[in-house]
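Data first, discussion second: the structure below is written as structure tokens.
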Amino acid sequence: MVLPKALQYAVLHVGSSSMSITILEYKGIDDVRVIDYAAREVTFGEELFQTSRLSFKTIEEICHILKGYKQLMADYGVTRSKLYGTTVIREAANRRSILDQIYIQTGMRVEVIDMPKEVYYKYALLYYKMTHQYHLTDPTKATLFLDITSGGVGLTVWRGESLLFQRNMHSGSLRVMESFNRNQRSSISFPRAITEYLHRMIGPLREELQTFNIDSIVLSGDEAQYMTHLMGQENNKEDIITVEPERFKGLINSFDGVTATKLMNRYKLPEYKANILMPTMILFNEIITAIGPKSLIFSSFSFSQGISWFYGVESENNPFMYQLREQNAQLARAVAARYHTDRIHDAEVEKFSALFCKALRHKGLPERWGYLCSIAAILCSVGKFVNLRNHGEHAYHIVMGTDIFGLSEEEKQVVANVVYYHYKGTPNDDDAYFNALTELQKIQVTKLVAIIRVACALDAGSNQKISDVTLEERDNVLYVFCRTNEDISLEWWTFNRDSEYFTEVFGMEIVLVRGGNRHVQ
């Protein structure tokens with residue numbers, strides 16, 4: 001989609017340590033102008049990790065700040081906006097009350113971003129800037145993006161245009177600090193204890209990360225900027241700076257055990273900031289020690305910048321979006337490979353389902369749903385690794401237990417239900433997994449299940465007998481023309497069986513025809 005004119009919009013963010021609004025003008029992926037930006041430092045994250053909820057007073061403060069941001073939008077005449085909430089809303093025990101009060105007092109709906117999506121938006125901007133604008137990475141060497149927030153840690157590895165690895169740990173800087181009481185933090189042995197704690201935390205990932213021969217590590221956000229200041233880059237205004245690992249190591253060693261108190265005394269940091277920065281520095285040092293990169297890259301890109309940029313890119317439907325989606329599909333294939341699925345069969349199902357999704361756009365199947373269908377096609381057989389009996393059930397739990405990069409939690413629920421039903425059973429409210437979905441999610445699942453089943457039927461024997469498929473709709477009948485020189489009795493029988501559910505869902509017949517479309521009058 002080409003934007004008819006410059007797009008003006010506002011992106012608002014409620015975070016653990018700050019609330020912000022960014023007002024932008026988007027003309028293209030390389031032409032994004034920040035019209036205004038405002039931020040307020042807050043301590044919501046500290047309250048959350050101490051009490052598991054936000055107080056009435058804090059909710060009132062959030063609403064008060066948002067009202068001010070709404071007035072700023074009105075002053076600029078901006079009517080298009082999105083409000084996002086991350087860890088501090090996502091993990092609050094009284095999340096529903098927070099969302100309800102924000103809506104009642106401000107009229108604004110909050111889109112709550114889960115951790116994989118939070119990392120994804122930052123990665124998208126960082127990856128684009130480093131590879132397409134600054135050309136800072138060697139396409140033959142791997143780069144690790146280490147995203148450390150108050151609530152979690154994201155590790156993303158890429159090489160060239162390929163995503164190699166993505167994991168998320170729900171143990172961020174504040175969460176780590178709240179695992180220890182104030183007396184433990186003040187102990188002289190605390191630096192050693194927390195170092196060992198973080199060393200153990202990354203233990204399961206250490207060997208896997210080492211296999212990628214990572215050349216550079218990137219750290220982004222506020223803590224990255226703080227670290228550059230600690231290393232003497234006080235007036236640095238660059239988005240990205242490169243530092244030798246030895247320089248960072250020298251900073252760590254200069255403390256003889258990093259503590260929040262030492263950070264406060266040496267750099268005059270407030271206690272809250274020191275409590276976030278301390279575990280971030282130690283964890284970063286642990287990763288550096290484990291990997292031994294040739295360079296460290298510190299980026300100022302924040303979640304607010306990432307989502308603000310991404311909003312415009314997605315609105316434009318820029319081709320870069322498809323590159324990101326293909327990267328995410330690569331990660332899904334890597335997940336499937338760990339469960340030893342039939343890669344060739346999965347590719348056939350993915351290919352056929354994509355054809356159906358494209359042909360059925362006019363039947364209420366948006367492009368994004370087609371993307372979810374592709375991810376489901378890749379993952380639909382992962383449960384067989386656990387047990388051939390009830391493999392749909394096992395596949396559901398594998399998908400729900402996996403962070404799938406680029407998908408929201410709601411989208412992951414859709415994919416999990418599709419893989420649950422892809423082989424047998426009918427989506428039904430009597431099933432707990434399906435019943436837990438919203439009405440829109442249920443519609444997504446029923447349509448994608450119908451598509452996945454007929455796509456699977458075209459390779460029912462997993463032996464790729466059908467070499468080519470074309471689709472044509474005539475008089476509310478979808479003809480599926482297949483080319484083959486082999487006996488496709490199994491495929492035919494399976495297709496005819498699953499066509500009944502397809503017809504029920506889409507309100508049109510579907511017919512498998514051997515040969516080209518010239519055989520149908």
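You'll find the side chain of Ile202 reaches within 4.5 Å of the side chain of Leu283, heavy atoms only. Here the side chains of Lys122 and Phe301 are not in contact, with every heavy-atom distance at 4.5 Å or above. Side-chain atoms of Ile23 and Tyr9, non-hydrogen and from C-beta on, never get closer than 4.5 Å to each other. Side-chain contact between Leu437 and Gln413 is present, with at least one heavy-atom pair separated by less than 4.5 Å. No side-chain heavy atom of Gln166 sits less than 4.5 Å from a side-chain heavy atom of Leu155. Looking at heavy atoms from C-beta onward, Leu205 lies in side-chain contact with Met169 at the 4.5 angstrom threshold. Put simply, the side chain of Arg368 reaches to within 4.5 Å of the side chain of Glu411, judged on heavy atoms.
Remark: the Ser18 side chain and the Glu41 side chain contain no N/O donor-acceptor pair separated by less than 3.5 Å. At a cut-off of 3.5 Å, with distance as the only test, a side-chain donor of Ser304 or Ser20 sits close to an acceptor on the other residue. In this model, a donor atom of one side chain and an acceptor atom of the other lie less than 3.5 Å apart for Tyr421 and Asp431. With 3.5 Å as the limit, one finds no donor-acceptor pair spanning the side chains of His394 and Tyr339. Side-chain contact, Tyr128 with Asp30: a donor N or O sits under 3.5 Å from an acceptor N or O. A side-chain N or O of Tyr123 and one of Gln327 form a donor-acceptor pair less than 3.5 Å apart. If you check the side chains of Tyr69 and Arg40, you find no donor sitting under 3.5 Å from an acceptor. Defined by atom type and a distance below 3.5 Å, a donor-acceptor pair is present between the side-chain atoms of Glu47 and Thr58.
Ring to ring, His397 and Tyr433 are close: their centroids are under 6.0 angstrom apart. Checked against a 6.0 Å centroid threshold, the rings of Phe180 and Tyr197 count as neighbours. Checked against the 6.0 Å centroid threshold, Phe352 and Phe356 do not count as a close aromatic pair. For Tyr121 and Trp309, the ring centers are positioned 6.0 Å apart or more. Remark: aromatic rings of Tyr120 and Phe310 are close, center separation under 6.0 Å.
A cation-pi arrangement, defined by a distance under 6.0 Å to the six-membered ring centre and an angle within 45 degrees of its axis, is absent between Arg159 and Phe212.
A salt bridge links Glu326 and Arg333; the closest N-O separation between the charged side-chain nitrogens and carboxylate oxygens is under 4.0 Å. One finds a salt bridge joining Glu208 and Arg167 here, because a Lys/Arg side-chain nitrogen approaches an Asp/Glu carboxylate oxygen to under 4.0 Å. Between Lys442 and Asp429 there is a salt bridge, since at least one side-chain N of the basic residue sits less than 4.0 Å from a carboxylate O of the acidic one.
Applying the side-chain hydrogen bond (donor to acceptor under 3.5 Å, both in side chains) test to pairs two or more places apart or on separate chains, those with a residue in residues 103-112 are Glu60-Gln105, Lys82-Glu111, Gln101-Gln105.
For Thr43, the side-chain contact (heavy atoms from CB on, under 4.5 Å) test picks out Glu46, Tyr272, with sequence neighbours left out. Partners of Glu161 by side-chain contact (heavy atoms from CB on, under 4.5 Å), not counting sequence neighbours, listed by chain and number: Tyr127, Gln323. Applying the side-chain contact (heavy atoms from CB on, under 4.5 Å) test to Thr86 and every residue at least two apart in sequence or in another chain returns His13, Arg90, Ile113, Glu118, Phe303.
For the ring pair (Phe, Tyr, Trp, His ring centres under 6.0 Å) criterion with Phe298, the lone passing option out of Tyr226, Phe145, Phe284 is Phe284. The side chain to side chain contact (heavy atoms under 4.5 Å, CB included) test with Leu144 singles out one residue from Ile291, Ile297, Val218, and that residue is Ile291.
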In sequence, state the C-alpha distance, the side-chain angles, and the governing distance for Thr503 and Glu500, and then conclude on side chain to side chain contact (heavy atoms under 4.5 Å, CB included). CA-CA 5 Å; Thr503 297; Glu500 295 181 11; 5.9 Å; no
Evaluate Glu393 against Asn387 for side chain to side chain contact (heavy atoms under 4.5 Å, CB included), listing each step before the verdict. CA-CA 10 Å; Glu393 173 93 19; Asn387 198 316; over 6 Å; no
Please assess Leu198 against Val176 for the test side chain to side chain contact (heavy atoms under 4.5 Å, CB included), listing each intermediate value before the final yes or no. CA-CA 9 Å; Leu198 293 171; Val176 167; 4.0 Å; yes
Is there a side chain to side chain contact (heavy atoms under 4.5 Å, CB included) between Val419 and Ile452? Walk through the geometry before answering. CA-CA 9 Å; Val419 301; Ile452 287 285; over 6 Å; no
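The shortest heavy-atom contact between Leu209 and Phe165 is CD2-CE2, 3.6 Å.
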Pairs under 3.5 angstrom only: tabulate donor-acceptor contacts from the side chains of residues 369-383 to other protein residues two or more places apart or in another chain.
residue	atom	partner	partner atom	Å
Tyr371	OH	Asn328	ND2	3.3
Ser374	OG	Gly370	O	3.4

Got a list of side-chain donor-acceptor pairs under 3.5 Å for residues 399-406, not counting sequence neighbours?
residue	atom	partner	partner atom	Å
Thr402	OG1	Ile398	O	2.6
Asp403	OD2	Asn168	ND2	3.2

